[in-house]
2 protein chains.
Amino acid sequence: METTWQDQLRTVGLRVTRPRLSVLQVLAERPHADADTIVGAARALHPSLSPQAVYGVLKALVAGGLARRIEPAGAPALFELRVGDNHHHLVCRSCGAVADVDCAVGAAPCLTPSDTAGFVVDEAEVVFWGLCHGCRVGTPGETAQVLQHDDRGGVRA
Amino acid sequence: METTWQDQLRTVGLRVTRPRLSVLQVLAERPHADADTIVGAARALHPSLSPQAVYGVLKALVAGGLARRIEPAGAPALFELRVGDNHHHLVCRSCGAVADVDCAVGAAPCLTPSDTAGFVVDEAEVVFWGLCHGCRVGTPGETAQVLQHDDRGGVRA
DNA sequence: TCCTTCTCTTGACTCGGTCAAAAATGCACG
DNA sequence: CGTGCATTTTTGACCGAGTCAAGAGAAGGA
C-alpha cells in the first residue's frame, strides 16, 4: 500500500491503464471478489469496462504476481491482492464468504506430506470449510448465495 | 471391498443398476478419474451409457457417501472411492496426475486454524501442488495434459 | 406378476471463462 | 511535444463442464 498501483504495475512490466487501476482499487476494497463482482464494481469507476477486459486484467495481474486467484470447489474463482504471504482460506459452506487465515500450525504445517509419492511439492493449499458466524446465527439469505451442499460434509481432515 | 458394490448401493438406499455398477468398477480401477474418463471407460462395460447418466450416477454416489468429489483448481472434477478416511491429495502441475496422501502431521494438523474469524470449521481440505516423478524426469507429454501454468508457482504454504 | 417409483436417455440450456480480430491507448523515443 | 510501435481493450464468437427437464425404461416390493 506504500507504493502506488501505478508503481506496482510498472514494476512487473505492465502498462498503467484505467481498467487496471479500477480493478486494483476494487480488489483493495473487496478482498475476495469474483470476476463478476469485480466487473460490477469496477464499472462504477470506468463505465465502459467490459467483462472480457476484466478477465484480461485479472490474468495479467495474476501473471505479474500482483494478485492471486483462488478457486473454492463449486464456486467461481476469487481474486485477492494478498500475495506471497503464505495464507489460507476459510470458506462458508452456506454463503460463500471467505476469510483469510494465517497458516495454522507455525510456518508451514502441511508442506511436507508424509509420503510424497515421488512428487516434488512446491505449494500446499489449504481450505477450511465451515459456516461463518452470520450463517450459523441465522442470518442466512443475507449474503447468502449457497455454494454447494453436495456431499454430507463432516469428513474433517 | 469386502461387501459387494450391490450391497454398498443398497446400504445407502440406491437401486442396483448397470450404469452404477459400471461406474463403481471404473472408479475402483482408476482412483482419480474425471467424468469424461469415466464415461469412456464405463462404456466398455455398458456401451449405451450416456454422459449425463454418468453425471447422475456420480452425483448419487457422492450424495450417498460412496464416492468423493475433488476439484483441483483449473481442472475438471475428479472422483474417488476412498471416503471417510481423511486423506489429502498431491496434484502434478504438469500432467494433472493425482496421488493420495494420508494426513501430514498426525491426525488433523490443519483442522484448527489459528484464528477462525467466527467460522465453525468442519473440514480442512489440503492440496499439495508440485511435479510428479515422470514430469520431473522428463517424460512430459506422456500422461501430459497440462493443467495450468498461470501464476508463477512457488508461494509455498 | 403387477405397479409404483426410481433411474436412465435424450436434448436443450446455463455458467464461467477463453480465443481472435480489430480499434484504441500507453509510453519510449526522437 | 509529437510520432510510431507494441501492448491493451473492445467486440463478439466460441468452448468445456456441468445442470435441468420430460419422457422412456428398469428395479424391486406387494
Side-chain angles (χ1 to χ4, degrees), chain A residues 5-24 33-40 42-43 45-64 66-67 69-79 96 145-151, chain B residues 5-7 9-24 33-40 42-43 45-64 66-67 69-79 96 145-150:
Chain A
W5 299 136
Q6 315 213 349
D7 290 338
Q8 301 224 16
L9 285 170
R10 290 215 179 83
T11 301
V12 298
L14 291 175
R15 289 188 176 167
V16 177
T17 67
R18 198 106 113 47
R20 286 176 179 166
L21 292 174
S22 303
V23 168
L24 282 169
D34 59 62
D36 201 55
T37 301
I38 296 172
V39 172
R43 257 203 249 270
L45 306 167
H46 183 178
S48 74
L49 196 62
S50 67
Q52 286 76 349
V54 170
Y55 280 114
V57 168
L58 290 171
K59 194 174 237 179
L61 294 180
V62 170
L66 296 187
R69 177 193 189 118
I70 59 181
E71 305 186 35
L78 305 178
F79 296 85
Q145 39 150 307
V146 179
L147 267 189
Q148 55 162 197
H149 278 290
D150 6 325
D151 53 321
Chain B
W5 297 138
Q6 315 212 349
D7 291 338
L9 285 170
R10 292 216 179 82
T11 301
V12 298
L14 292 174
R15 288 187 179 168
V16 176
T17 68
R18 197 106 114 43
R20 285 174 181 168
L21 292 174
S22 303
V23 168
L24 282 169
D34 59 63
D36 201 56
T37 300
I38 297 172
V39 171
R43 260 203 247 269
L45 306 168
H46 183 177
S48 75
L49 197 61
S50 68
Q52 287 75 352
V54 171
Y55 279 114
V57 168
L58 289 172
K59 194 175 237 178
L61 293 180
V62 170
L66 295 187
R69 177 192 189 121
I70 59 181
E71 305 186 36
L78 305 177
F79 297 85
Q145 38 152 307
V146 179
L147 268 189
Q148 53 162 199
H149 279 289
D150 4 325

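Throughout, a chain's letter reflects where its sequence line sits, starting with A, and its residues are numbered from 1.
Looking at which nucleotide of DNA chain D each of B:Gln52 and B:Arg10 is closest to, the 5′-most match is held by B:Gln52. Nearest-nucleotide positions on DNA chain D place B:Asp36 closer to the 5' end than the other of B:Val16 and B:Asp36. Mapping B:Ser48 and A:Ala77 onto DNA chain C by nearest heavy atom places B:Ser48 closer to the 5' end of the strand.
Atom OG1 of B:Thr11 and atom CD of B:Gln6 lie 11.0 Å apart (nearest 0.5 Å).
The distance from atom CG of A:Leu9 to atom C1' of D:dT9 is 15 Å, rounded to the nearest whole Å. The NE2 atom of B:His46 sits 11 Å away from the C1' atom of C:dT7 (whole-angstrom rounding). The nearest whole Å value for the distance from the CG atom in B:Leu58 to the C1' atom in D:dA17 is 13 Å. Protein atom NZ of B:Lys59 is 14 Å distant from nucleotide atom C1' of C:dT7, rounded to whole Å. Distance CG (B:Leu21) to C1' (D:dA27): 12 Å, rounded to an integer number of Å. In this structure, B:Asp7 places its CG atom 12 Å from P of D:dG28, rounding to the nearest Å. The separation between A:Leu49 atom CG and C:dA24 atom P is 17 Å, rounded to whole Å. Between A:Tyr55 atom OH and C:dC19 atom C1' there is a gap of 14 Å when expressed in whole angstrom units.
Residues A:Leu66 and A:Leu9 meet the side-chain proximity criterion, which asks for heavy atoms closer than 4.5 Å. Looking at B:Glu71 and A:Glu71, their side chains never come closer than 4.5 Å, going by heavy atoms from C-beta outward. Between B:Arg43 and B:Val39, the closest side-chain pair of non-hydrogen atoms falls below 4.5 Å. Residues B:Val57 and B:Ile38 fail the side-chain proximity criterion, which asks for heavy atoms closer than 4.5 Å.
When each of C:dG17, D:dT9, D:dT19 is scored by its nearest atom to the side-chain atoms of A:Ala35, the top-ranked nucleotide is C:dG17. Ranking D:dT10, C:dC8, D:dG18 by closeness to the A:Ala53 side chain, first place goes to D:dT10.
Within the 4.0 angstrom heavy-atom criterion, base atoms lie near B:Ser50. Looking at heavy-atom distances under 4.0 Å, B:Arg18 makes no contact with the nucleic acid at all. Residue contacts shown for B:Ala60 are absent, as no nucleic acid heavy atom lies under 4.0 Å away.
Evaluation of atom-type donor-acceptor distances gives no pair under 3.5 Å for the side chain of A:Arg15 against the base of C:dC27.
Here B:Arg69 does not reach the OP1 or OP2 of D:dA17: none of its side-chain N or O atoms lies under 4.0 Å away. Between B:Thr17 and the phosphate of C:dC6, there is no side-chain N or O to OP1/OP2 separation shorter than 4.0 Å.
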